[in-house]
K.L.:
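Mind having a look at this structure? Questions to follow.
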Amino acid sequence: MSGKLFLCPTPIGNLDDITLRTLNVLKSVDLIAAEDTRVSIKLLNHFSIQKPLTSYYEHNKREKGSYLLEKLLNGETIAIITDAGMPGISDPGEDLVRLCIQNGIPVEALPGPCAFATALVASGLPTGRFAFEGFLTTNRKNRLEHLQAICEDTRTLIFYEAPHKLLSTLKDMEQVLGDRSIVLARELTKKYEEYRRTTLSAAIAHYSETPPKGEFVLILQGADAEECRARQMAELPSCEELLRIYAKGDLRAKELTKKVAEELKIPRREVYDTYLKIKETL
Ligand code: SAM
């Protein structure tokens with residue numbers, strides 16, 4: 001008989017948020033796999049849970065995954081917990097779940113604390129359709145590309161961010177997405193819980209004066225599709241500019257006008273007319 005994997009959410013601040021069912025599962029499983037055993041031991045001690053504990057985190061997930069799978073195949077039950085919140089949400093868990101499913105091991109997820117769901121429902125921004133974007137990468141080029149890719153997404157957008165990167169993230173968001181409404185949900189369920197319902201530009205002004213502290217979820221208004229398209233058009237080079245750029249290569253008139261028309265998504269005839277007007281100066 002095979003065992004079972006339980007995904008156990010833990011509090012994101014307030015210890016009272018652990019559920020009775022999570023406590024019962026943690027007390028009954030054979031083994032608990034924790035993202036950081038030093039963090040989780042405090043939680044388990046608080047609830048007087050004494051169970052064998054092993055680590056499972058980003059950099060050992062391959063070897064540890066095989067180790068945990070073997071135990072599950074031998075009939076053991078395992079609970080996975082992370083430092084806070086729902087395993088598998090910007091936290092370890094996803095790979096282990098996949099491994100279990102591939103090997104026919106049952107997986108049970110317990111409902112419970114999750115920072116983004118908590119922030120979203122209290123934000124006041126639309127909850128009907130949203131996209132969870134997690135953490136943006138620290139590589140600026142990739143970060144800008146990521147933001148560019150979601151520039152026209154009309155759903156509410158949700159991000160996680162660390163305080164020391166908050167200001168540069170807000171600035172990049174404003175640069176790529178324009179000034180939008182944002183709700184900064186800080187220190188949820190903790191003593192200094194705060195919802196700052198504001199705009200990107202006002203948030204930048206505020207955190208330039210007052211350095212951000214604590215943990216943040218950012219809930220950003222989705223795109224106004226029309227505005228986004230207009231901004232992109234304004235940023236595009238003109239037909240003449242693009243003709244001059246590509247004319248520096250050795251393209252012939254036909255290839256040149258085709259390339260520019262494709263890039264600007266305008267009719268070739270229109271590009272050709274411009275070409276005729278400026279061709280002596282190219
Ligand atoms: N698995 C967790 C969950 O279910 O929300 C998320 C883990 S992720 C490594 C940690 C990030 O979640 C933090 O950097 C912050 O963006 C967000 N977060 C976690 N706890 C929070 C809290 N109490 N208040 C605001 N944001 C929090």
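First listed ligand is number 1; within each ligand, the first listed atom is number 1.
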K.L.:
Just checking, is any N or O donor in the side chain of Tyr160 or Glu215 under 3.5 Å from an acceptor N or O on the other one?
P.N.:
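There is no such pair (donor and acceptor under 3.5 Å, judged by atom type) between the side chains of Tyr160 and Glu215.
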K.L.:
Would you tell me whether Thr82 and Asp91 have side-chain atoms, one donor and one acceptor, within less than 3.5 Å of each other?
P.N.:
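Indeed, the side chains of Thr82 and Asp91 share at least one donor-acceptor pair under 3.5 Å.
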K.L.:
List, pair by pair, the atoms of ligand 1 and of the protein that are both N or O and lie under 3.5 Å apart, giving the separation rounded to 0.1 Å.
P.N.:
| from | atom 1 | to | atom 2 | distance (Å) |
| --- | --- | --- | --- | --- |
| ligand 1 | 1 (N) | Ala84 | O | 3.4 |
| ligand 1 | 1 (N) | Met86 | O | 3.0 |
| ligand 1 | 1 (N) | Ile89 | O | 2.8 |
| ligand 1 | 1 (N) | Asp91 | OD2 | 2.8 |
| ligand 1 | 4 (O) | Met86 | N | 2.8 |
| ligand 1 | 5 (O) | Ala115 | N | 2.9 |
| ligand 1 | 5 (O) | Tyr160 | OH | 2.6 |
| ligand 1 | 16 (O) | Glu161 | N | 3.3 |
| ligand 1 | 16 (O) | Phe216 | O | 2.6 |
| ligand 1 | 20 (N) | Glu215 | OE1 | 3.4 |
| ligand 1 | 23 (N) | Ile12 | O | 2.9 |
| ligand 1 | 23 (N) | Leu188 | N | 3.4 |
| ligand 1 | 23 (N) | Leu188 | O | 3.0 |
| ligand 1 | 24 (N) | Leu188 | N | 2.8 |

K.L.:
Testing the basics here: between Thr169 and Glu161, what is the closest heavy-atom pair and its distance to 0.1 Å?
P.N.:
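Closest approach of Thr169 to Glu161, heavy atoms only: OG1-OE2, 2.6 Å.
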K.L.:
Any idea how His146 and Phe159 line up, ring-wise: parallel (<30°), tilted (30 to 60°), or perpendicular (>60°)?
P.N.:
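The arrangement is tilted - the two ring planes meet at 30° to 60°.
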K.L.:
Tell me, with the steps shown, if Thr281 and Arg244 meet side chain to side chain donor-acceptor pair (under 3.5 Å).
P.N.:
CA-CA 9 Å; Thr281 63; Arg244 289 193 188 283; 3.2 Å; yes
K.L.:
Distance from Glu76 atom CD to Leu69 atom CG, nearest 0.5 Å?
P.N.:
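It comes to 12.0 Å.
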